[in-house]
Amino acid sequence: MPIRNPALMLAALAATTPVVAEPARRDWDAAITMVASYGPDYLGGRDSGFGVRPGALVRYGRVSLSSGAGFAARRQEVELHGLGIELAHSDRFDLTLSLRNDSGRSESDSPALAGMGDVKRTVRLRMAATWHFLPQWYLKGAWTVDAFARGGGHVGEVKLQ
C-alpha cells in the first residue's frame, strides 16, 4: 500500500537511508619547523643572503597565529602570516584578513639605500582572496597597507597558478 502523506514518506525515506559519517574536523592545529630562505637583504636589493629561522603556526577554528611558515597552511596557496582570521572558505574561494609585523629597514643596511631615509617598524593589515577556478588553477589577489601610516606604503599582489 503506497504512503500518500509527504511527512510519512520523508520519515520512511530517512529510516531506510544509511547515515554516512563525515570526517571529523579538528578545531585546532599546531606546527613547528625550521625555515631556510635565500633572498634579497631588503625589498628591491641586489645583494642576497641565506637565513634560517624557526617557524610556528597555531590555529583554532578560523583564527591563526603564524610566523609565516607557508608549510603549515591547509593548502599550499593559502599563506598564513601573523595574526589572521579566515573570513570565508569554500572549495572554490578563500578570503582572509591578517595583521603582520613589518620590521622596516634602515638606510644604513646598504650603500644603495643612502639618502633614502629609514622605514620605521610597523604593523601591516592584509586582505587576501583566492579563487579556485579549475582543480589545479587559482587566482589570488592581496592588498597590504601600513596600518599605522609610518611610511610603509601599500603593496598589491596578483598571482595566477
Side-chain angles (χ1 to χ4, degrees), residues 22-161:
E22 292 186 21
R25 182 173 186 255
R26 296 188 312 208
D27 287 334
W28 68 275
D29 286 309
I32 298 174
T33 191
M34 294 299 288
V35 179
S37 61
Y38 178 79
D41 294 334
Y42 56 89
L43 189 60
R46 287 185 188 167
D47 297 331
S48 295
F50 179 78
V52 177
R53 64 179 175 80
L57 165 81
V58 176
R59 179 179 21 227
Y60 181 77
R62 298 179 315 146
V63 178
S64 65
L65 180 62
S66 172
S67 65
F71 76 94
R74 179 183 335 98
R75 291 190 305 268
Q76 186 177 5
E77 70 274 9
V78 177
E79 298 172 12
L80 300 170
H81 296 58
L83 177 63
I85 184 165
E86 188 175 65
L87 299 174
H89 169 71
S90 70
D91 291 341
R92 299 185 56 94
F93 182 75
D94 290 299
L95 181 66
T96 60
L97 179 67
S98 62
L99 293 173
R100 301 175 176 193
N101 175 52
D102 182 342
S103 299
R105 64 158 171 75
S106 173
E107 68 178 293
S108 63
D109 289 346
S110 168
L113 297 174
M116 295 184 76
D118 296 340
V119 176
K120 297 176 185 174
R121 176 181 293 265
T122 190
V123 173
R124 300 193 66 81
L125 178 65
R126 175 183 171 97
M127 176 73 76
T130 306
W131 173 44
H132 306 268
F133 56 92
L134 290 173
Q136 299 299 318
W137 287 86
Y138 65 87
L139 178 65
K140 178 178 185 170
W143 186 256
T144 306
V145 299
D146 180 347
F148 298 138
R150 301 187 76 188
H154 303 262
V155 178
E157 302 171 42
V158 176
K159 181 179 183 180
L160 174 65
Q161 182 171 332

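All residue numbers refer to positions in the sequence shown, counting from 1.
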Testing the basics here: between G55 and S67, what is the closest heavy-atom pair and its distance to 0.1 Å?
CA-OG, 3.1 Å

Spacing of OG belonging to S98 relative to CG belonging to L87, to within rounding of 0.5 Å
9.5 Å

Give a yes or no on this: more than 12 heavy atoms of other residues, nucleotides or ligands lie within 6.0 Å of atom CE of M116.
no

side-chain contact (heavy atoms from CB on, under 4.5 Å) with A88: which residues, sequence neighbours excluded?
F93, L95

Once you round to the nearest 0.5 Å, how far does CG of L134 lie from CG of L139?
11.5 Å

So R150 and D102, side chain to side chain contact (heavy atoms under 4.5 Å, CB included) or not? Walk me through it.
CA-CA 11 Å; R150 301 187 76 188; D102 182 342; over 6 Å; no

Separation of R53 CZ from T33 OG1 (nearest 0.5 Å):
10.0 Å

To the nearest 0.5 Å, what is the distance between CZ (F50) and OH (Y38)?
10.5 Å

Those residues that, when tested against D146, pass salt bridge (charged side-chain N to carboxylate O under 4.0 Å, His left out) (two or more places apart):
none

Going by the rule ring-ring contact (aromatic ring centres under 6.0 Å, His included), which residues pair with F133 if we only count those two or more places apart in sequence or in a different chain?
W131

Starting at OG of S66, measure out to CG of L83 and round the result to the nearest 0.5 Å.
10.5 Å

d(W137 CH2, Q161 CD) to nearest 0.5 Å is 8.0 Å

Residues which pass side-chain contact (heavy atoms from CB on, under 4.5 Å) with V145, listed by chain and number, not counting sequence neighbours
L125, W143, H154

Partner set under side-chain contact (heavy atoms from CB on, under 4.5 Å) for A128, not counting sequence neighbours:
T96, R126, K140, A142

State, with a plain yes or no, whether a side-chain heavy atom of V123 is found less than 4.5 Å away from one of F148.
yes

Student check: side-chain heavy atoms of D94 and E86 closer than 4.5 Å
yes

Shortest non-hydrogen pair, T144 vs E157, comes out as OG1-OE2, 4.4 Å

Can you name the side-chain contact (heavy atoms from CB on, under 4.5 Å) partners of S106, sequence neighbours left out?
S108, D109, D118

Using modelled atom types and a 3.5 Å cut-off, is there a donor and acceptor pairing between side-chain atoms of R121 and backbone atoms of R105?
no

